[in-house]
Amino acid sequence: MNVLEQTEQQLKQEIAQAVLTAGLASKEELPEVILEKPKDKSHGDFATNIAMQLARIAKKAPRQIADDIVKEINQEEASIEKIEIAGPGFINFFMKNDFLQQIIPTVLEQGENYGRSNAGNGERVQVEFVSVNPTGDLHLGHARGAAYGDVLCNVFDAAGYNVEREYYINDAGSQIDNLGLSVEARYLQELGQDVEMPEDGYHGQVIIDMAKAIIEEDGDKWLEKSHQERLEYMKEYGLKASLKNIERDLKDFQVEFDNWFSERSLYEDNQIQDAIKKLEEGDYVYEKDGATWFKSTAFGEDDKDRVIIKQDGSYTYLTPDIAYHKNKLDRGFDKIINVWGSDHHGYVARMKAAIQALGYSADKFDVKIIQMVNLFEGGEKVRMSKRTGKAVSLRELMDEVGIDATRYFFVSRSNDSQLDFDMDLARSQSNENPVYYVQYAHARICTMLEQAKNKGFDVDAEFNPEILTAEKEQDLLKKLGEFPQTIADAAEKHAPQRLTNYVFELASLLHSFYNAEKVLDADAQERTTARIALMKAVRITIANALNLIGVTAPEKM
RNA sequence: GUCCCGGUAGCUCAGCUGGAUAGAGCAACAGACUUCUAAUCUGUAGGUCGCAGGUUCGAAUCCUGCUCGGGACGCCA
């Protein structure tokens with residue numbers, strides 16, 4: 001438990017006790033004491049609305065209740081400087097500063113671990129994300145999902161969850177046949193033959209590159225082989241090459257997985273049949289029109305039942321996916337989270353039904369939908385299409401915009417809000433991008449610390465935190481103290497954008513402090529020593545936050 | 001037609017468990033570099049939180065209806 005939490009807990013208990021002592025409510029009636037951090041500093045360090053909540057129970061005016069509570073609070077015990085009753089009945093607490101004084105030592109001691117907590121209690125969470133079909137390369141929209149999923153995992157890890165990252169490789173469906181046909185067509189085209197691309201073919205440049213690579217390796221030897229043999233080779237080649245591309249692009253984007261799960265492996269050990277059997281046992285399967293159906297409507301959310309075995313005997317996309325989710329759940333995770341593109345949201349209800357049909361609770365399963373990214377270039381919306389291969393690739397984004405800026409930008413937006421991506425703006429790398437603002441704060445501190453050494457200050461000296469009483473110093477201290485809770489909240493709400501908001505605010509306080517106060521001052525040794533310690537703590541916290549976002553923390557800019 | 005997501009400042013977006021006067025960046029305007037980095041800071045201006053009801057001490061936040069934008073509604077993946 002961190003300093004801030006301890007203070008909060010103590011205060012909550014004190015308030016609850018005061019309510020009981022004042023006879024305003026019985027133990028059973030007592031609502032949970034809610035403490036908030038007021039936006040306005042004149043409202044104190046903490047505020048509670050307990051008096052308003054008790055109005056109905058105690059049948060008294062909120063302000064009167066507040067008054068009764070305040071009388072019973074032991075200010076000394078809870079390190080309270082001052083209590084005020086305000087507005088309709090808020091109780092504002094102004095804390096003694098001593099609770100802030102422990103923050104710097106805590107940060108310095110914990111170093112790169114500062115911010116980590118055990119909020120998740122080691123709960124086992126698995127996040128499956130990206131999982132792009134291996135039929136080409138990664139595009140803009142996938143980049144958003146990749147950034148979101150990765151930072152979500154980082155946040156889970158830091159908040160004390162036991163997290164595992166997984167990529168589901170769709171290497172068994174008809175899209176792989178299409179890939180083979182596409183590579184084959186490009187191969188033949190490259191060798192001068194007049195062939196058309198298949199109707200559902202993949203038109204991206206990567207496919208052409210694959211064809212060229214095959215020619216480089218094997219020349220025209222596949223011309224002589226049977227169509228079947230050639231196609232088989234093209235398929236496997238395309239699959240391997242795509243996966244290699246995807247894995248490399250993701251790695252360069254700072255995204256790595258613990259597991260790459262192959263759809264084919266489900267076929268190899270009868271897992272699909274097992275899953276279907278499981279559904280049959282629960283009587284969720286029936287035959288109709290020559291096909292086999294899953295009764296997904298039995299769970300209230302899906303609007304129609306779903307075919308799992310087609311008339312021709314083959315599976316639909318859903319069938320191996322049910323087996324896959326069974327596999328995941330059988331692995332014993334407390335929670336499995338899927339990060340999907342918005343075009344798959346209609347799929348959620350049937351999957352949730354499947355999970356229940358398999359005998360698992362629906363709340364073990366969660367889907368985070370990543371809304372669309374609209375690309376703008378030259379002031380115009382660019383239509384994205386995988387088919388025509390015209391979308392901006394992750395590779396281009398990394399080359400032209402940079403990894404840091406791309407990741408920061410995507411993570412700072414809520415996943416369920418659509419997002420406009422202005423290519424020209426991103427390319428310009430101007431100060432319009434907040435990532436530079438945050439990185440600059442980090443670099444600034446590094447320069448200061450460097451200067452401190454050069455000027456002969458002892459940067460590791462004992463310091464007295466009590467003298468950090470300037471307003472901007474106190475603001476920084478409070479913000480530093482919030483970091484562990486911010487991470488825990490981001491994990492619990494699956495909202496990594498809390499992190500970018502936080503680090504931006506921290507950077508802003510740092511810049512403001514920097515402009516208002518001088519850190520290195522030979523005429524004020526004690527203050528300088530304390531401020532150096534403060535700067536070190538801020539630097540560590542910014543670096544830790546950026547690290548979780550997957551963005552570098554430069555020492556110079 | 002049904003379902004999902006969104007509508008907050010000129011633009012792009014935050015907004016926690018329902019709290020006090022709704023925030024930030026960019027753009028605009030006015031200032032601050034002989035100083036630890038001006039990729040910064042300070043200030044000004046900018047709002048019917050899509051609309052209408054409801055719940056309550058209190059709603060951008062919860063509920064209902066409507067509206068606009070996007071997406072999904074396959075024995076495709």
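A, B, ... follow the sequence lines: proteins, then strands. Residue 1 opens every chain. Because only heavy atoms are used, hydrogens play no part in the values below, and waters and symmetry mates are left out as well, while side chains stay in.
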Practice item. Send over the distance from A:Q311 CD to B:C76 P, rounded to a whole Å. Key: 10 Å
Check your understanding: Considering only B:C41, B:C36, B:C75, which nucleotide approaches the side chain of A:V519 most closely?
Key -> B:C36
Review point. On a whole-Å scale, what distance lies between the C1' atoms belonging to B:G65 and B:A20?
Key: 31 Å
Exercise for review: Look at A:Y347 and B:C73 and indicate whether a side-chain polar atom (N or O) is within less than 4.0 Å of OP1 or OP2.
Suggested key: no
Exercise for review: Kindly assign one of parallel, tilted or perpendicular to the pair A:F156 and A:H494, based on the angle between their ring planes and the thresholds 30° and 60°.
Suggested key: perpendicular
Point to revise | Integer angstrom distance from the P of B:G6 to that of B:A14 | key: 10 Å
Check your understanding: B:C36, B:U12, B:C75: which one has an atom nearest the side-chain heavy atoms of A:D289?
Key -> B:C75
Exercise for review: Check whether any side-chain nitrogen or oxygen of A:Q485 sits under 4.0 Å from OP1 or OP2 of B:C16, and answer yes or no.
Suggested key: no
Exercise for review: Ignoring the backbone of A:N501, work out which of B:A14, B:C75, B:G71 is nearest its side chain.
Suggested key: B:A14
Revision key, fill the gap. Assign each of A:I34 and A:F421 the nucleotide of RNA chain B bearing its closest heavy atom; nearer the 5' end lies the nucleotide of A:F421
Revision key, fill the gap. The residue, A:A55 or A:F90, whose nearest nucleotide of RNA chain B is more 5′ is A:F90
Review point. What is the distance from CG of A:D312 to P of B:C75, rounded to the nearest Å?
Key: 12 Å
Point to revise | Rounded distance (Å) that lies between atom P of B:C16 and atom CD of A:E505 | key: 13 Å
Check your understanding: Between B:U40, B:U17, B:U12, which nucleotide has the shortest distance from any of its atoms to the side chain of A:Y437?
Key -> B:U40
Exercise for review: Would you mind telling me which of B:C75, B:A38, B:G19 lies closest to the side-chain atoms of A:R444?
Suggested key: B:A38
Exercise for review: Between B:C13 and B:U8, how far apart are the C1' atoms? Round to whole Å, please.
Suggested key: 9 Å
Review point. Has the side chain of A:D416 got a donor or acceptor that lies under 3.5 Å from a partner of the other kind on the base of B:G6?
Key: no
Exercise for review: Can you tell me the distance, in whole Å, between the CG atom of A:L506 and the P atom of B:A14?
Suggested key: 21 Å
Check your understanding: Expressed in angstrom and rounded to an integer, what is the separation of A:Y286 atom OH from B:C75 atom C1'?
Key -> 12 Å
Exercise for review: For RNA chain B, write out the stems as range with range, using runs of 3 or more consecutive Watson-Crick or G-U pairs with both distances under 3.5 Å.
Suggested key: B:1-7 with B:67-73, B:10-13 with B:23-26, B:28-32 with B:40-44, B:50-54 with B:62-66
Check your understanding: Rounding to the closest angstrom, what is the interatomic distance between B:G50 and B:G7 at atom P?
Key -> 7 Å
Practice item. Establish, with yes or no, whether the OP1 or OP2 oxygen of B:G70 is under 4.0 angstrom from a side-chain nitrogen or oxygen of A:S342. Key: no
Exercise for review: Indicate the ring-plane relationship of A:Y315 and A:Y267, choosing parallel, tilted or perpendicular according to the 30° and 60° boundaries.
Suggested key: tilted
Exercise for review: Determine the interatomic distance between P on B:C49 and the same-named atom on B:U34; round to the nearest Å.
Suggested key: 45 Å
Check your understanding: Using atom C1' of each nucleotide, how far apart are B:A30 and B:G46 to the nearest Å?
Key -> 15 Å
Review point. Can you check whether A:K304 has a side-chain N or O nearer than 4.0 Å to OP1 or OP2 of B:C3?
Key: no
Check your understanding: For the pair made of CD in A:E471 and C1' in B:U42, what is the distance, rounded to whole Å?
Key -> 14 Å
Review point. So, A:H43 versus A:F90, ring centres under 6.0 angstrom or not?
Key: no
Revision key, fill the gap. Rounded to whole Å, the CZ-C1' distance (A:F410 to B:U12) equals 14 Å
Practice item. Could you tell me whether A:D302 and A:R306 have a side-chain N and a carboxylate O separated by less than 4.0 Å? Key: yes
Exercise for review: May I ask you to establish whether A:R350 and A:F294 are in a cation-pi arrangement, using a distance under 6.0 Å from NZ or CZ to the six-membered ring centre and at most 45° from the ring axis?
Suggested key: no
Check your understanding: How far apart are the closest heavy atoms of A:I176 and A:K235, and which atoms are they?
Key -> O-CG, 3.3 Å
Review point. What is the distance, rounded to the nearest whole Å, between atom CG of A:D302 and atom P of B:C4?
Key: 12 Å
Exercise for review: Among the candidates B:U40, B:U42, B:C36, find the nucleotide nearest to the side-chain atoms of A:H511.
Suggested key: B:U40
Review point. Can you find a donor-acceptor pair, distance only, under 3.5 Å between A:N92 side chain and B:A20 base?
Key: yes
Point to revise | Geometric class of the A:W340/A:H344 ring pair [parallel <30°, tilted 30-60°, perpendicular >60°] | key: tilted
Study note, to complete from the structure: A:R498 has its side chain closest, among B:C76, B:G15, B:C5, to B:G15
Practice item. Answer yes or no: does a side-chain N or O of A:K310 lie under 4.0 Å from OP1 or OP2 of B:C76? Key: yes
Check your understanding: Do you know which two heavy atoms are closest between A:I487 and A:A158, and how far apart they sit?
Key -> CG2-CB, 3.8 Å
Review point. The side chain of A:Q497 lies closest to which of these nucleotides: B:C36, B:G15, B:U40?
Key: B:G15
Review point. What nucleotide, of B:C73, B:C36, B:C13, holds the atom closest to the side chain of A:L520?
Key: B:C36
Revision key, fill the gap. Testing B:A39, B:C75, B:C16 for proximity to the side chain of A:K493, the answer is B:C16
Point to revise | Least distance between heavy atoms, A:G115 atom then A:F483 atom | key: CA-CD2, 3.5 Å
